[in-house]
Structures are given as C-alpha cells and as structure tokens.
Amino acid sequence: MEDLKIPLKKYFGFNHFKGDQEQIIQSVLKGNDTFVIMPTGGGKSLTYQLPALIQEGTAIIISPLIALMKNQVDALRGFVTNDSVAHYLNSSLSRGDAKRVKEDLVSGVTKILFVAPESLNKQDNVDFFKSLKISFVAVDEAHCISEWGHDFRPEYRRIREMIKQIDDTIPIMALTATATPKVQIDIQKNLGMTGADIYKASFNRPNLYYEVLPKIQPEKQIIKYIKENLGKSGIIYCLSRKKVEEVAETLQVNGISALPYHAGMEASRRARYQDMFLMEDVDIIVATIAFGMGIDKPDVRFVMHYDIPKSLEGYYQETGRAGRDGGEGRCIAYYDYKDIEKLEKFMAGKPVAEQEVGKQLLYEVVSYAETAMSRRKFLLHYFGEDWDETKAGKEQLDDNITNPKERVEGQKELQHLLQVVSDLKGQFKTKQIVEVLIGTESPTIKANRLVKNKHFASGKDKSEKFWMAAIRQAYVNNFIGKKIEEYGTLYVTDKGNDYIEKPYSFLFIVDHDYSELMKGGGSVVSKGVAAGDQELFARLKDLRKKMGKQKKLPPFVIFQDPSLQDMATQYPMTMEELHNIIGVGQGKARKFGRPFIELIEAYVKEKEIDRPEDVVIKQIANKSAAKIAIIQGIDKKIPLRDLAKTRSLTDDEFIIELENIVASGTKVNIDYYLDDVLDEDYQEEIIEYFLEAESDSVEDALAELGEDDYTLEEIRLMRIKFMSNYAL
Ligand code: ADP
Ligand code: MG
C-alpha cells in the first residue's frame with residue numbers, strides 16, 4: 001500500500017485524512033468500483049482528486065453543474081503549479097478553448113477532466129476519449145441517476161452506456177451526499193457497479209436541532225425568531241421566486257438585514273448577494289433551493305423552511321448548510337398541510353410515473369412533519385441509518401425529544417398491525433393497510449377483494465391517524481420494512497415476526513395534529529380581529545371626531561373604524577408602529593397620526609398597560625405587479641377603459657382595483673377621466689356631499705344625490721378622487 005499521506009500533504013497541504021478518505025482512495029487505486037455516500041462537506045472531492053493526480057492517465061469526473069466544475073478546477077489549480085493538470089469540458093467553452101483542452105489531454109498532462117453529462121453524451125467526445133488513457137470515471141452527485149432521488153437528471157442515465165463505449169473495463173466511482181436505500185440501489189444498478197466497495201459515512205449531524213412548527217403566521221414567526229437571534233447568519237428557503245422576493249422585502253421593511261436569492265435574478269446580482277452573505281455584510285439570505293450548492297459558510301446558525309420542502313433529501317441537504325463549524329445549527333420548518341396540497345396540484349401536469357414518485361417523496365415529508373417521534377431518528381432512518389436516541393448524550397436532538405408527547409402502550413396494536421401486514425403477504429402500501437384496518441371500501445381495496453378479508457375493519461376502534469402513526473413507528477423501529485424495488489410496499493421483518501410470536505411492551509407516540517394547532521393560532525395582523533381595548537377605542541373615536549371638526553372633514557376620511565380598532569389592540573406609540581396598523585399608509589400616518597399616537601402613549605402611561613410584547617410586523621404594501629401597472633398607467637393618463645381591457649378586467653373589477661389601491665394608501669389622480677365624463681358642477685356636488693357625510697357609503701351617496709343625475713359608477717370614481725385628495 002502506498003503512503004498516501006505524502007501526496008495528501010504535497011498536493012492539498014493537509015496532514016490527515018478525514019473520515020474514510022484513505023480507505024476510499026485505496027479502493028480506487030486498486031481499480032475497484034467504489035461507492036461513496038458521505039454528507040456534504042465530508043470531503044468527497046479529495047477521494048477522486050488525489051488518486052487521479054497520482055495515477056497514470058486521466059480521470060473523468062462527471063458533474064452536473066458548470067459552476068461547480070469551474071470552482072473545482074480553480075481550487076485544484078491552486079494546489080499545483082501547472083494549470084493543465086485540471087480542465088473541464090462543457091457547453092460554456094469556446095471552440096478555441098475546447099481545442100486547447102483536447103490538446104492537453106492528448107499530450108497526457110491533464111490528470112483530471114470534469115465533464116458535464118451532456119458533453120459525455122456527444123459522440124465525438126466519446127470517440128475522442130477512446131483514444132486516451134482513462135484512469136477511472138467518477139460520477140459526482142450520483143443521486144441524479146435515480147428518479148427516486150430529489151434531483152433526477154435524465155442525462156445521468158446514459159452515463160454507463162457512454163463509459164461502455166469508451167472502455168468497458170474502466171473502474172467507476174460514484175459519489176453522493178444523499179441516498180436513500182432505494183436511490184443507492186438505483187445508482188449501483190444503473191452504473192453497473194453492484195459489486196462496488198461501499199463507503200457510507202454517518203449522516204448524523206449532532207449539532208443540528210430539528211424542529212417543525214405549524215405555519216400560522218410565518219412572517220411573524222420568522223421575524224420574532226430573527227429579532228431574538230440578532231446578528232446570526234441564516235438561510236430561509238421558499239419554494240417560489242415570488243415568495244423569496246416577498247419574504248426578503250418583509251424582512252427588510254422590518255429592519256432585518258436580508259437579501260433575496262433565486263435563479264431568476266441577474267447572475268451578477270446573485271453573485272454579489274452571495275458574497276455579501278459570505279462576508280457577513282448581510283445576515284440573512286432568503287432563497288429558493290438555487291442557493292447553497294457549493295456554498296460553504298461555516299457559521300450559518302439557522303436554516304428555515306418557509307415552505308415545506310418537496311422531499312426529505314432536499315430538506316436534509318438544505319438543513320445541512322447550518323452549523324458546518326460544529327456550532328449551533330437550528331433547522332426550523334413551517335408546516336401547513338395546505339402547502340402539500342399545493343405541491344400535489346403543481347405535479348398534476350407531469351407524466352404519471354413522475355407524479356407517483358413525487359407523491360411518494362411528499363408522503364415522506366408529511367410523515368416527517370407530523371411525527372411525534374424523534375425527528376433525527378426519523379431522518380436518519382430514511383437514509384438507511386439506525387440511530388438510538390437513548391444513547392444520544394448531550395446532543396441537541398430535536399423538538400420532539402425536547403417536548404415529548406405522551407406515549408401510550410401499544411403492544412396489542414403493534415402485534416395486530418404486524419399480523420395484518422404479514423397476512424396480506426407484503427403486497428400493500430401504508431395507505432391500503434390503513435384502509436383495511438379501519439374498513440374503508442376504496443377502489444383498490446375492492447379491486448383486491450379485501451372487503452371480505454378477516455382483517456377488514458378489524459382496527460376500526462382506532463383512527464386513521466393512529467394507524468398511520470403506528471406504521472411509521474413500526475417502520476422506523478424496523479418491525480416493518482418497505483420493499484425497495486416496489487417503493488413503499490410493506491412487509492414484516494424478522495424482528496417483526498419475532499414480535500408477533502413474543503410481543504413485549506411498546507409505547508406509541510401519537511402524531512401531532514397540525515390542523516388543530518393551526519385553528520388555535522390567534523391572529524394579530526389579519527383584519528377584523530379582536531375588539532381590543534374598548535375604552536381606548538372610544539377615546540380614539542372622540543379624537544377622530546374632534547379632528548374632523550377642526551379640519552372640516554368627516555371622521556372616516558381621517559381613520560376608518562378597523563384602523564382605530566387595530567390601534568386599540570396594538571397600542572402603537574411611534575410613527576413606525578403606526579404604519580403597521582390596518583389601513584394606515586405613510587401619507588395617512590403623516591397627515592393625521594401624531595395626535596393619535598400621543599393619545600395612546602398617554603393612555604398607556606395612565607393605565608400602566610403592558611403592551612403586547614409580541615413583535616408587530618410591518619406588511620409590505622400589497623402592490624402586486626398588476627396594481628403597479630395600473631398606477632403607472634394612470635400617471636401616464638392612459639384611458640381607464642384601455643387599462644381595464646389590457647388586464648381583461650370588467651369595469652366593476654377595475655374600479656375595485658382602484659378602490660383597493662386607494663385603501664392601501666396610494667393616491668391616484670383620475671381627473672383626466674372624470675373631467676371628460678362629469679361636469680365640474682356635478683363633481684363639486686359629490687365632493688361636498690362626502691365632506692359632510694356620516695359614512696363613506698356610496699349607496700347612501702347615491703340615495704342622497706339622486707339616481708337621476710348620477711350613476712353608482714360615477715360616485716365610486718368620485719369617491720376615489722375624494723379619498724385621494726382628502727384622506728391621503
Ligand atoms: P463534499 O464534496 O463531500 O461536500 P468537499 O470535497 O467539497 O466535500 O470538501 C469539503 C471541505 O473539506 C473542503 O473545504 C476541503 O478542502 C476540506 N477537506 C477535504 N479533505 C480534507 C482533509 N483531509 N483535511 C482537511 N480538510 C479537508
Ligand atoms: Mg462535492
């Protein structure tokens with residue numbers, strides 16, 4: 001055996017191997033097929049770079065992302081004096097560059113060549129590689145091979161075929177940071193390396209704390225957390241670009257140092273934000289999953305999932321970016337079953353096979369979210385690793401361990417469940433087993449004639465939820481297995497069969513019921529809630545009346561009732577806080593706000609009120625793109641009918657949009673339209689009416705002003721003018 005410490009020091013400057021690196025490299029040098037499953041940051045790259053550098057010939061490394069290839073080549077060139085040692089070949093190279101790369105390859109100086117799977121699928125490249133001495137082929141991010149992985153890429157499935165054409169005897173190496181047992185088998189089969197030496201490192205990240213919270217008011221929950229953890233670095237993942245923008249903006253408006261990041265942004269801006277995060281010029285990045293690949297910031301203190309992820313593989317990867325330095329790493333996911341339904345809907349347009357996979361992956365996410373057993377245990381089991389929470393020591397673990405739910409004796413039920421699975425001869429998935437137990441006559445159950453089965457409805461004294469949780473726990477504790485080939489089909493393991501014979505005490509934990517939790521969640525920002533402090537409300541109304549008299553304006557022009565009610569709930573005492581109140585924009589706050597916050601402050605002092613400690617969050621003005629376009633169109637005096645038409649809005653819908661724009665605090669000047677359709681005298685009459693009116697009701701106005709002279713539409717438009725001129 002070679003002493004690998006010497007090249008390790010020479011090329012990489014390290015004194016020791018990390019984990020199994022040395023054994024892995026030995027396996028590659030022996031010419032064995034080698035499979036490396038190691039979490040991100042574990043040091044996988046070195047396990048192909050080092051043998052490539054010291055072996056005869058060139059190693060081909062297949063890697064999915066052009067940016068990653070470039071990074072790796074740059075890094076490698078930093079270690080060695082000759083730039084020709086490492087190259088990449090992909091669609092980003094010019095013809096001239098590609099030619100130079102090929103020249104280096106022919107001359108034999110290049111030891112490592114990164115290739116995109118697409119480039120490997122090109123026949124000229126394959127023919128060219130045939131003429132070279134290839135030391136081995138390494139497939140990085142090998143989970144892309146499996147459609148059961150979270151990141152399936154069809155190009156990856158043709159890799160084996162291409163290698164065969166180049167030279168069937170080349171040793172193959174596969175590397176990945178996430179592989180469920182199913183994905184692992186797919187990879188080995190597809191690459192024809194079922195006899196490979198497998199090196200699987202533990203996926204346990206002892207310093208990460210896993211937590212799932214009901215998604216009641218996520219912005220508020222997130223802001224509260226960040227304010228309590230000021231200065232810490234964090235990543236917040238959202239599923240859509242739009243949500244990324246919105247959440248980042250909401251955080252910014254609330255004084256938090258945050259930036260957005262998603263693939264729809266200009267590359268230069270993205271790179272700048274990423275750098276700012278690395279350099280700690282910004283604390284928080286709000287991102288789609290486009291962010292994080294190849295990013296290596298050691299002290300990310302929390303990773304949040306604003307939206308529940310589509311798979312546990314993705315979730316594990318993303319949370320894995322927390323606490324790389326071994327320090328604190330909090331992983332919080334916000335869960336609402338509605339998000340799952342949305343994801344299912346998005347899948348509807350895809351091919352059936354793909355939908356099936358997507359649903360299975362989502363089902364695992366739901367199980368993870370709803371389980372009340374150790375989340376760490378659940379996650380690790382998902383990746384094929386058994387973890388004993390009772391031997392965990394001082395690890396931070398997860399929310400379910402910190403706040404355990406009650407356990408109930410489940411010996412009888414577990415035995416019953418195992419008997420059912422056993423008698424059904426391992427042909428059914430969780431859903432059907434549960435249907436049999438509670439007695440649901442679903443199409444599948446009928447088709448399999450299970451209604452007549454002796455177990456049908458034998459567990460109907462317990463709920464569907466109970467049995468789902470029971471199956472999960474039986475699975476995670478290895479009484480039940482899932483057949484890998486037919487993903488999800490349940491069978492009884494040897495341990496399970498022993499249990500049927502000789503049962504013993506087994507405590508079940510009942511799942512969380514997030515839909516119940518969601519119902520209980522109070523709402524502070526939504527409209528029309530809590531009557532608030534009635535005495536304060538009355539005083540605020542008095543003030544409004546007084547001010548109205550002074551300014552010769554009707555009270556509703558100053559603040560409307562819901563705004564006063566909200567003030568009587570939240571006690572705003574600064575201009576900033578006042579902006580958070582329903583229906584109070586900047587203009588209104590400036591124009592009318594001062595006396596109100598002064599009154600509230602005096603009131604709070606007088607009554608010694610403890611204001612709610614709760615964070616009060618500022619909402620970003622709800623100006624959708626459509627609204628902005630309308631505002632801009634009006635500024636340019638585009639005929640209102642045209643503005644409505646280009647947006648396919650009816651007149652009524654268009655006026656509603658305008659009313660909403662004004663209600664959320666933006667003035668609009670539609671005089672150019674009104675002056676065309678309504679005489680000046682008529683306009684004045686309406687304005688005068690509103691100046692005297694008790695309420696802003698347009699129906700009252702129409703009754704008073706007379707239907708013969710005015711239409712409801714005209715009055716609504718005039719009210720928009722009136723509110724723009726007097727209330728904002
Ligand atoms: P992976 O591909 O498994 O996510 P990388 O190959 O990118 O991980 O390596 C992660 C980090 O670990 C890199 O910064 C690398 O330089 C470092 N590293 C790898 N091997 C060693 C070692 N033997 N000693 C110290 N650092 C190492
Ligand atoms: Mg890597």
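Each ligand, and each atom within it, is numbered from 1 in the order the structure gives.
Near Gly41, with a cut-off below 4.0 Å to any heavy atom, the atoms of ligand 1 are 1 (P), 3 (O), 4 (O), 8 (O), 10 (C).
For Gln21, every heavy-atom contact with ligand 1 shorter than 4.0 Å involves the side chain, none the backbone.
The heavy-atom pair separating Ala116 from Asn90 by the smallest distance is CB-CB, 4.0 Å.
Taking a distance limit of 4.0 Å, we find that atom 25 (C) of ligand 1 is approached by some protein heavy atom.
We find the OH-CG distance between Tyr306 and Leu239 to be 11.0 Å, quoted to the nearest 0.5 Å. The distance from atom CZ of Phe136 to atom CG of Leu29, rounded to the nearest 0.5 Å, is 8.0 Å. Note: Lys122 NZ to Asp127 CG = 13.5 Å, rounded to the nearest 0.5 Å.
For atom 22 (C) of ligand 1, the closest heavy atom belonging to the protein is Phe14 CD1, 3.4 Å. Looking only at protein heavy atoms, the nearest one to atom 14 (O) of ligand 1 is Asp296 OD2, 4.2 Å. Shortest contact from atom 7 (O) of ligand 1 to any protein heavy atom: Ser45 OG, 3.6 Å.
Taking the six-membered ring wherever Trp is involved, the centroid distance between the rings of Phe302 and Tyr225 falls below 6.0 Å.
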- Please step through ring-ring contact (aromatic ring centres under 6.0 Å, His included) for the pair Phe203 and Tyr316, ending with a clear verdict. CA-CA 9 Å; Phe203 276 57; Tyr316 180 83; 5.4 Å; yes
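Close to ligand 1: Pro39, with a non-hydrogen atom less than 4.0 angstrom away.
Taking each of Lys18, Gln72, Glu22, Glu141 in turn, the one with a heavy atom nearest to atom 17 (C) of ligand 1 proves to be Lys18. The option with the heavy atom closest to atom 1 (P) of ligand 1, from among Gln49, Lys44, Arg324, Met38, is Lys44.
Between Thr40 and ligand 1, not a single N/O pair is under 3.5 Å apart. At under 3.5 Å, a nitrogen or oxygen of Gly43, whether backbone or side chain, sits near a nitrogen or oxygen of ligand 1.
Results of the ring-ring contact (aromatic ring centres under 6.0 Å, His included) test with Tyr315 over Tyr335, Phe383, Tyr368 single out Tyr368 as the only residue that passes.
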